[in-house]
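Read through the structure below, which is laid out as structure tokens, and then see the notes.
Proteins come first, then strands; the chains are lettered A, B, ... in the order of their sequence lines, and each starts at number 1.
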Number of protein chains: 2
Amino acid sequence: MNIETAAAQLEALGNPTRLTIYRTLVRAGDNGLPVGKLQLKLDIPSSTLSHHLKKLIEVNLVSQERQATTLICRANYTSMNGLIGYLADECCADANGCAASSEESTEAA
Amino acid sequence: MNIETAAAQLEALGNPTRLTIYRTLVRAGDNGLPVGKLQLKLDIPSSTLSHHLKKLIEVNLVSQERQATTLICRANYTSMNGLIGYLADECCADANGCAASSEESTEAA
DNA sequence: AAGCTATTTCTACGATCGTCGAATAAGGTC
DNA sequence: GACCTTATTCGACGATCGTAGAAATAGCTT
């Protein structure tokens, strides 16, 4: 996980509509959710939904699988794990012991 | 933590420059880092830095403390924890691929 | 092939972003 | 008060975003 990837994924999630989409997908579990169902659930125009979905897919946070005319969308848990891991590791999650994590620490000079 | 807040924080982090700023601040630890030092370290114009810093501050990911003419910036670990918690909790409902339980699993790949 | 359904792509447009130099504040020192 | 240092705000700019209706495509079914 590099900083560019992380930023791209964070940016993708950093929009209320997309975060809602992603969250809905997560809640749908392993079965995923067809685009149509998602659209009904969220009540947004399909073109808008498709647009956001595309972004989420681009950064690997969501995957799609075709089932006949229907496209099943699924949250990519592995990617989310990677992102959370990056955040916790590189950007710290703990007040004590975070700065002295890994890498050289402080004191530029 | 509501979805709007989470999205705002994610958006704030979802920019390479800002993510770098935040990460640098995290690495600086509890001592924090003056804006000027940050600027030297990252080599970006101060107006740009200030602009990004403002965003980070707005969403509570960074705090500032005045020390004479210098403004010390610090990463707000509590906020980051909240965000990671939200991500793990709300956006990672699946049990077998999720960092919901703080412990690191995986290894597979 | 015609027709249908599900979904994407096209196109457009206002809104916001990211960048940075110049001007302005905030705080301190002499 | 004059003056320096540190950092923010202002103003401008092209670039990208978010939205959504209309048109196009992918894949059935008959």
Over how many whole Å does the gap from B/L56 atom CG to D/dT8 atom C1' extend?
-> 16 Å
Which atom pairs link the protein and nucleotides 13-19 of chain D when you take only N or O atoms and keep those under 3.5 Å?
{"from": "D/dC17", "atom 1": "OP1", "to": "A/K55", "atom 2": "NZ", "distance (Å)": "3.3"}
{"from": "D/dG18", "atom 1": "OP1", "to": "A/N15", "atom 2": "ND2", "distance (Å)": "3.0"}
{"from": "D/dG18", "atom 1": "OP1", "to": "A/R18", "atom 2": "NH2", "distance (Å)": "3.4"}
{"from": "D/dG18", "atom 1": "OP2", "to": "A/R18", "atom 2": "NH1", "distance (Å)": "2.8"}
{"from": "D/dG18", "atom 1": "OP2", "to": "A/R18", "atom 2": "NH2", "distance (Å)": "3.3"}
{"from": "D/dT19", "atom 1": "OP1", "to": "A/T17", "atom 2": "OG1", "distance (Å)": "3.4"}
{"from": "D/dT19", "atom 1": "OP2", "to": "A/H52", "atom 2": "NE2", "distance (Å)": "2.5"}

Rounding to a whole Å, what distance do you find between B/D43:CG and C/dT19:P?
-> 13 Å
Rounded to the Å, how far apart are A/Q39 CD and D/dA20 C1'?
-> 12 Å
Shortest non-hydrogen separation from B/Y77 to B/D30 and the atoms involved | CE1-OD1, 3.4 Å
Rounded to whole angstrom units, what separation is found between the CG atom of A/L40 and the C1' atom of C/dA6?
-> 12 Å
Whole angstrom is fine here: how far is it from CD1 in B/I44 over to C1' in C/dC20?
-> 11 Å
Gap between atoms NZ and P, on A/K41 and C/dT7 respectively (whole Å) = 14 Å
In whole angstrom, what separates B/L19's CG from C/dG18's P?
-> 13 Å
Report the residues that fulfil side-chain hydrogen bond (donor to acceptor under 3.5 Å, both in side chains) with B/N2, sequence neighbours left out, ordered by chain and then residue number.
-> B/T5
Qualifying residues under side-chain hydrogen bond (donor to acceptor under 3.5 Å, both in side chains), relative to B/T70, sequence neighbours excluded = none
Which residues satisfy the side chain to side chain contact (heavy atoms under 4.5 Å, CB included) test with A/I57, sequence neighbours excluded?
-> A/V62, A/Q64
Taking only side-chain nitrogens and oxygens of B/Q64, does any of them come within less than 4.0 Å of OP1 or OP2 of D/dT8?
-> yes
Quick one: closest heavy-atom pair of A/L83 and A/A6, and the distance?
-> CD1-O, 4.0 Å
Atom pairs, protein N/O to nucleotides 23-30 of chain C N/O, distance under 3.5 Å:
{"from": "C/dA26", "atom 1": "O3'", "to": "B/R66", "atom 2": "NH1", "distance (Å)": "3.3"}

Below 3.5 Å, can you tabulate the donor-acceptor pairs from side chains in residues 7-20 of chain A to any protein atom, sequence neighbours excluded?
{"from": "A/Q9", "atom 1": "NE2", "to": "A/V59", "atom 2": "O", "distance (Å)": "2.9"}
{"from": "A/N15", "atom 1": "OD1", "to": "A/T17", "atom 2": "N", "distance (Å)": "3.0"}
{"from": "A/N15", "atom 1": "OD1", "to": "A/R18", "atom 2": "N", "distance (Å)": "3.0"}
{"from": "A/R18", "atom 1": "NE", "to": "A/A12", "atom 2": "O", "distance (Å)": "2.6"}
{"from": "A/R18", "atom 1": "NH1", "to": "A/H52", "atom 2": "ND1", "distance (Å)": "3.1"}
{"from": "A/R18", "atom 1": "NH2", "to": "A/E11", "atom 2": "O", "distance (Å)": "3.4"}
{"from": "A/T20", "atom 1": "OG1", "to": "A/P16", "atom 2": "O", "distance (Å)": "2.7"}

At under 4.0 Å between heavy atoms, what does A/S46 touch on the DNA or RNA strands: base, sugar-phosphate, or nothing?
-> base
How close or far is atom P of C/dT9 from atom CG of A/L53, stated in whole angstroms?
-> 11 Å
With sequence neighbours excluded, what pairs up with A/N60 under the side-chain hydrogen bond (donor to acceptor under 3.5 Å, both in side chains) test?
-> A/N76
Listed by chain and number, what are the side chain to side chain contact (heavy atoms under 4.5 Å, CB included) partners of B/Q39, not counting sequence neighbours?
-> B/S46, B/L49
Could you tell me which residues satisfy side-chain hydrogen bond (donor to acceptor under 3.5 Å, both in side chains) with B/D43, sequence neighbours excluded, listed by chain and number?
-> none
